Enquirer: 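One structure, pasted below without further comment.
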2 protein chains.
Amino acid sequence: MESSYERDAKVFKALCDPRRLAILERLRSGEKCVCMLQEDMDIGQSGLSYHMKILCDSGIVESRQEGKWTHYRLSETGRESAVALLRQLTTPDTSPKSGCCG
Amino acid sequence: MESSYERDAKVFKALCDPRRLAILERLRSGEKCVCMLQEDMDIGQSGLSYHMKILCDSGIVESRQEGKWTHYRLSETGRESAVALLRQLTTPDTSPKSGCCG
DNA sequence: AAAACATATCAATAAAATTTGATTTGAGGT
DNA sequence: ACCTCAAATCAAATTTTATTGATATGTTTT
């Protein structure tokens, strides 16, 4: 079974590779197909496909098939849930503090 | 030289390991020293220290020395800048869209 | 139905991150 | 000064991720 920590970590794994951040930057200007992304990126087709899968699995990117092309775009719901998760994980909770080391 | 993608990726690297998320959860209830964190976590002292360094380097966690103890706590500015970065990386920009595949 | 094309998957390798135990550092206490 | 304790660093082994080239899948074109 996958722990909730593992599930949450997956979202951030998508963001922790510089190539994937470069891909996201390209998607900010709108939907792109693999061939378009590959164009200015010095990355092989299979490598790009590998990274796109990780981005899609995280929910941050969505894909759409059109004939033989796959188009990728940023997901608004993916973004919002990632932001919400990040906040949740890093914001102090309200319960009484347990002291430490005396 | 380190690219901006590499610098940004570092923040998310801190968040992409289930053990570090478990550590963050413990810090949500307030500042803790290493000994306290280790208590209920099935992790060795050196391993925990390794993870704490990564969390601190990312800016998400801050540390404070007190005698021979090191206390760790969530950083508010770390959180806010991580959230801002996440939003920036995943929000479409305003410039005109470049078409794709015709 | 064969050829051409876009993309995904696979398998082998290479690189990076994590774990573990041992050692070091640095702060108190005696 | 010496001992003890908390935590950091180091080095080796292991595990996880990423890269690369080859092959498979599915779609359009001829």
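Lettering follows sequence order; numbering is per chain, from 1. These numbers come from a predicted model, not from an experiment.
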Enquirer: Look at A/K13 together with B/D17 and state whether they make a salt bridge at an N to O cut-off of under 4.0 Å.
Expert: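 The answer is no: the pair does not qualify as a salt bridge.
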
Enquirer: Under the rule for salt bridge (Lys or Arg N to Asp or Glu O under 4.0 Å), what residues qualify as partners of B/E76, not counting sequence neighbours?
Expert: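 With sequence neighbours excluded, B/E76 shows a salt bridge (Lys or Arg N to Asp or Glu O under 4.0 Å) to no residue whatsoever.
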
Enquirer: Among residues at least two apart in sequence or on other chains, which ones pass side-chain hydrogen bond (donor to acceptor under 3.5 Å, both in side chains) with A/E39?
Expert: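 Listed in chain order: nothing, the list is empty.
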
Enquirer: At what angle, to 10 degrees, do the two end axes of the helix from C/dA1-D/dT30 to C/dT30-D/dA1 meet, given five pairs define each axis?
Expert: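 Terminal axis comparison yields 20°.
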
Enquirer: Could you list the residues that satisfy side-chain hydrogen bond (donor to acceptor under 3.5 Å, both in side chains) with A/Y50, not counting sequence neighbours?
Expert: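 In terms of side-chain hydrogen bond (donor to acceptor under 3.5 Å, both in side chains), with neighbours along the sequence ignored, A/Y50 is linked to no residue.
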
Enquirer: Quickly work out the B/Q65 CD to D/dC5 P distance and round it to whole Å.
Expert: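 Roughly 18 Å, once rounded to whole Å.
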
Enquirer: Which part of the nucleic acid, if any, lies within reach of A/S49 when heavy atoms closer than 4.0 Å are counted: base, sugar-phosphate only, or nothing?
Expert: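 Counting heavy atoms under 4.0 Å across all strands, the contact made by A/S49 includes a base.
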
Enquirer: Report yes or no: do B/H51 and B/R20 form a side-chain donor-acceptor pair below 3.5 Å?
Expert: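 Short answer, yes.
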
Enquirer: Does a nitrogen or oxygen in the side chain of A/T70 sit under 4.0 Å from OP1 or OP2 of C/dA8?
Expert: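 For C/dA8, OP1 or OP2 has a side-chain N or O of A/T70 closer than 4.0 Å.
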
Enquirer: In whole angstrom, what separates A/K32's NZ from C/dT7's P?
Expert: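 Distance, rounded to whole Å: 14 Å.
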
Enquirer: For B/D42, which residues count as a salt bridge (Lys or Arg N to Asp or Glu O under 4.0 Å) partner, sequence neighbours excluded?
Expert: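 For B/D42 there are no salt bridge (Lys or Arg N to Asp or Glu O under 4.0 Å) partners, ignoring immediate neighbours.
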
Enquirer: To the nearest Å, give me how far apart NE2 (A/H71) and C1' (C/dA6) are.
Expert: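 In whole Å, C/dA6 C1' and A/H71 NE2 are 11 Å from each other.
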
Enquirer: How would you list, by chain and number, every residue that makes a side-chain hydrogen bond (donor to acceptor under 3.5 Å, both in side chains) with A/R28, sequence neighbours excluded?
Expert: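 Partners of A/R28 under the side-chain hydrogen bond (donor to acceptor under 3.5 Å, both in side chains) test: none.
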
Enquirer: Can you measure B/Y72 atom OH to D/dA6 atom C1' for me and round it to whole angstrom units?
Expert: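 That distance rounds to 10 Å.
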
Enquirer: Looking at residues at least two apart in the chain, or sitting in another chain, which of them share a salt bridge (Lys or Arg N to Asp or Glu O under 4.0 Å) with A/E25?
Expert: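 A/E25: no salt bridge (Lys or Arg N to Asp or Glu O under 4.0 Å) contacts found.
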
Enquirer: Could I get the full list of salt bridge (Lys or Arg N to Asp or Glu O under 4.0 Å) partners for B/K68, not counting sequence neighbours?
Expert: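 With neighbours one apart ignored, the set is empty.
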
Enquirer: Pairs of donor and acceptor atoms involving the side chains of residues 53-62 of chain B, under 3.5 Å and at least two apart or interchain, shall be tabulated with distances.
Expert:
from	atom 1	to	atom 2	distance (Å)
B/S58	OG	B/L55	O	2.7
B/S58	OG	B/I60	N	3.2
B/E62	OE1	B/R73	NE	3.3
B/E62	OE1	B/R73	NH2	3.2
B/E62	OE2	B/S75	OG	3.3

Enquirer: How would you summarise protein contacts on nucleotides 20-27 of chain C per nucleotide, using B for base, S for sugar-phosphate only and - for none, with heavy-atom distances below 4.0 Å?
Expert: BBB----S

Enquirer: Take the protein atom CG of A/L15 and the nucleotide atom P of D/dT17, then report the distance between them rounded to whole Å.
Expert: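 After rounding, the gap between these two atoms is 15 Å.
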
Enquirer: Using a heavy-atom distance cut-off of less than 4.0 Å, which residues of residues 52-63 of chain B contact DNA chain C?
Expert: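 Going residue by residue through residues 52-63 of chain B, the ones with a heavy atom under 4.0 Å of DNA chain C turn out to be B/I54.
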
Enquirer: By side-chain hydrogen bond (donor to acceptor under 3.5 Å, both in side chains), which residues pair with A/R7, not counting sequence neighbours?
Expert: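 Applying side-chain hydrogen bond (donor to acceptor under 3.5 Å, both in side chains) to A/R7 gives none.
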
Enquirer: For the pair made of CG in A/D17 and P in D/dA18, what is the distance, rounded to whole Å?
Expert: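 Taking CG of A/D17 and P of D/dA18, I get 5 Å after rounding.
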
Enquirer: Taking CD from A/Q38 and P from C/dA6, how many angstroms apart are they, rounded to a whole number?
Expert: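 Rounding to the nearest Å, CD of A/Q38 and P of C/dA6 are 10 Å apart.
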
Enquirer: Find the distance A/L21:CG to D/dA18:C1' and express it as a whole number of Å.
Expert: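 It is 15 Å, rounded to the nearest whole Å.
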
Enquirer: Would you indicate which nucleotide in C/dT19, D/dA18, D/dA8 comes nearest to any side-chain atom of A/H51?
Expert: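 From the listed options, D/dA18 comes nearest.
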
